[in-house]
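Read the structure below first, then the notes.
Residue numbering restarts at 1 for every chain, and letters A, B, ... go by the order of the sequence lines.
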2 protein chains.
Amino acid sequence: MTELLWGKEPARTRGPKPAITLTAIAETGIAIADTEGLDAVSMQRIAGELPVTKMALYRYVPGKTELVAVMSDLAVGSPPDRADLPWREALRIWAIDLYDAFTRHPWLLQSTIGRRLLGPNELAWMERGVAALTGTGLSGGEQLDSILVITSHVRNIAQQSTTFPGHTTGLTEEDWQQSLAEILATEAARFPHLTTAMRTSAGSENQGLEFGLARILDGLELLISDRTG
Amino acid sequence: MTELLWGKEPARTRGPKPAITLTAIAETGIAIADTEGLDAVSMQRIAGELPVTKMALYRYVPGKTELVAVMSDLAVGSPPDRADLPWREALRIWAIDLYDAFTRHPWLLQSTIGRRLLGPNELAWMERGVAALTGTGLSGGEQLDSILVITSHVRNIAQQSTTFPGHTTGLTEEDWQQSLAEILATEAARFPHLTTAMRTSAGSENQGLEFGLARILDGLELLISDRTG
DNA sequence: CATTACTGTGTCCGGCGGACACAGTTACTC
DNA sequence: GAGTAACTGTGTCCGCCGGACACAGTAATG
């Protein structure tokens with residue numbers, strides 16, 4: 001598994017040449033997941049778009065779990081190379097880049113959750129985030145915790161704003177808003193603060209990413225100035 | 001669907017009495033999910049623990065998606081009733097209560113993602129969070145964004161720290177740490193900052209919730225004092 | 001008593017991940 | 001060159017999943 005993600009394949013000698021490659025499998029899976037959602041990715045489905053049968057895929061990958069891991073690391077890609085910036089601006093752009101990655105491949109939100117084996121690209125993202133915080137006086141643990149908070153925020157904003165193709169609860173933004181409005185209309189008495197908050201916020205949209213990011217970075221700045229000053 | 005979650009069932013008249021109840025179904029599902037993970041929850045499995053067959057369940061619930069929604073709202077439960085506190089302490093305790101709920105039912109992290117229909121309990125949590133921020137000078141949209149940031153943080157910390165029973169990548173915390181350490185050992189050159197951050201943070205554990213929470217609340221406090229002062 | 005509305009059951013379907021035995025292909029070794 | 005070992009792709013089979021559907025049994029209404 002680690003070998004798969006990190007590309008340590010043993011040199012092959014005898015036997016027929018493989019008809020396809022692991023990368024081709026992963027790319028096919030990514031294409032399907034992008035257009036039809038992660039649930040549409042099955043061994044059958046992938047094999048159908050390649051000149052092999054389903055079972056041949058198991059010569060390249062031990063199981064579906066590992067395939068999704070390879071797909072995920074390939075899809076996140078390398079973090080964009082940004083010029084040296086002060087930590088705050090560096091982290092802000094880093095967060096937006098990450099958001100873009102999740103927007104390009106919404107299924108990453110499903111596939112990259114919980115404890116899992118990390119691939120080189122995912123680690124590269126972490127590396128870049130931590131790198132932005134070196135020299136700020138924060139401890140290693142604090143640096144890791146900081147980029148974790150930012151990652152969490154980016155993930156959940158992306159989750160809220162992107163429409164999942166083919167996912168079970170395929171609600172459009174409008175449908176969702178409306179059903180929520182209906183509920184709040186009939187149950188306004190039980191949720192007074194929520195109702196007024198929703199009503200006064202109607203119309204202003206998609207500020208969530210910048211808003212939360214600004215709060216988190218403000219909080220970090222406070223801590224950093226405590227440490228350095 | 002909305003009717004199911006909000007308990008608006010039409011009065012039944014003729015015909016045999018139902019052998020079970022929707023609540024019993026949901027509770028059975030919750031018990032299974034708690035002990036064996038959400039993936040272990042299937043119609044067969046639930047019916048096996050109740051005096052009915054699989055297909056009888058469809059008399060109570062339209063499909064599995066809706067069942068999981070009912071399970072989720074039942075499992076989050078009502079937010080604990082806390083005394084009136086200043087907004088910062090109120091939100092802090094609110095976040096910890098939420099974390100506890102996710103810890104009690106780790107599968108909620110899987111089932112309550114993305115746009116979905118919200119049940120009364122979930123809305124009650126939101127209501128309480130927003131309520132803590134009324135009177136701080138924040139706009140409705142800002143209040144909602146604020147509790148969203150906190151929720152994101154709580155979720156991802158819970159995701160990282162809890163072990164998913166029966167989930168695909170059933171790695172223990174130690175196994176995960178070790179495999180990551182091995183990778184970093186062999187690839188240290190590619191991830192220098194990450195390597196040192198990891199090394200210096202070894203040992204200090206589980207500060208993630210409090211750390212991120214403190215940063216976010218600090219950032220909110222800054223904004224609020226801007227608004228009020 | 002007949003009708004009507006309702007509940008639970010059994011059977012069937014397509015699709016899923018995956019185990020396994022098998023046939024075909026290629027390169028190394030004698 | 002012949003044999004063999006290593007490797008690749010195929011077809012078949014299994015258990016499980018969510019769910020459609022027809023059907024039989026049951027309870028209240030007329």
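- Proximity of a side-chain donor or acceptor of Glu127(A) to a complementary backbone N or O of His193(B) within less than 3.5 Å is detected.
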Q: Would you mind building the protein contact string for nucleotides 22-30 of chain C? One character per nucleotide, 5' to 3', B for base within reach (heavy atoms under 4.0 Å), S for sugar-phosphate only, - for untouched.
A: --BBBS---
Distances for protein N or O near nucleotides 11-16 of chain C N or O, under 3.5 Å:
unit_1	atom_1	unit_2	atom_2	d
dC16(C)	OP1	Ser42(A)	OG	2.9

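- Computed from coordinates, the Ile46(A) CD1 to dG18(C) P distance equals 12 Å when rounded to whole Å.
- In this structure, CD1 of Ile25(B) is placed 14 Å from P of dG18(D), rounded to the nearest angstrom.
- Overall, the helix from dC1(C)-dG30(D) to dC30(C)-dG1(D) carries an axis bend of 20° between its ends, with five pairs at each end and the value rounded to 10°.
- Neither side chain, Ser111(B) nor Arg116(B), offers a donor N or O lying under 3.5 Å from an acceptor on the other.
- A search for ring pair (Phe, Tyr, Trp, His ring centres under 6.0 Å) contacts involving His105(B) returns Trp107(B), not counting sequence neighbours.
- Of the possible donor and acceptor atoms, one in the side chain of His153(B) sits under 3.5 Å from a partner among the backbone N and O of Leu209(B).
- In summary, Arg128(A) and Asp81(A) engage in a salt bridge, as defined by a charged side-chain N under 4.0 Å from a carboxylate O.
- Applying the side-chain hydrogen bond (donor to acceptor under 3.5 Å, both in side chains) test to pairs two or more places apart or on separate chains, those with a residue in residues 48-58 of chain A are Arg45(A)-Glu49(A).
- Judged purely by distance below 3.5 Å, without hydrogens or angles, the side chains of Ser161(B) and Tyr99(B) pair a donor atom with an acceptor atom.
- For dT8(D), neither phosphate oxygen OP1 nor OP2 lies less than 4.0 angstrom from any side-chain nitrogen or oxygen of Tyr60(A).
- In this structure, Asn121(B) contributes its side chain and Asp73(B) its backbone to a donor-acceptor pair below 3.5 Å.
- The interatomic distance linking Leu38(B) (CG) with dC17(D) (C1') rounds to 14 Å, in whole Å.
- Remark: Thr162(B) engages no residue in a side-chain hydrogen bond (donor to acceptor under 3.5 Å, both in side chains) (not counting sequence neighbours).
- Distance Tyr58(B) OH to dA22(D) P: 17 Å, rounded to the nearest Å.
- Considering only heavy atoms from C-beta on, Asp97(B) comes within 4.5 Å of Arg82(B) through its side chain.
- Note that CZ of Arg115(B) and OG of Ser179(A) are 10.5 Å apart. Values are rounded to the nearest 0.5 Å.
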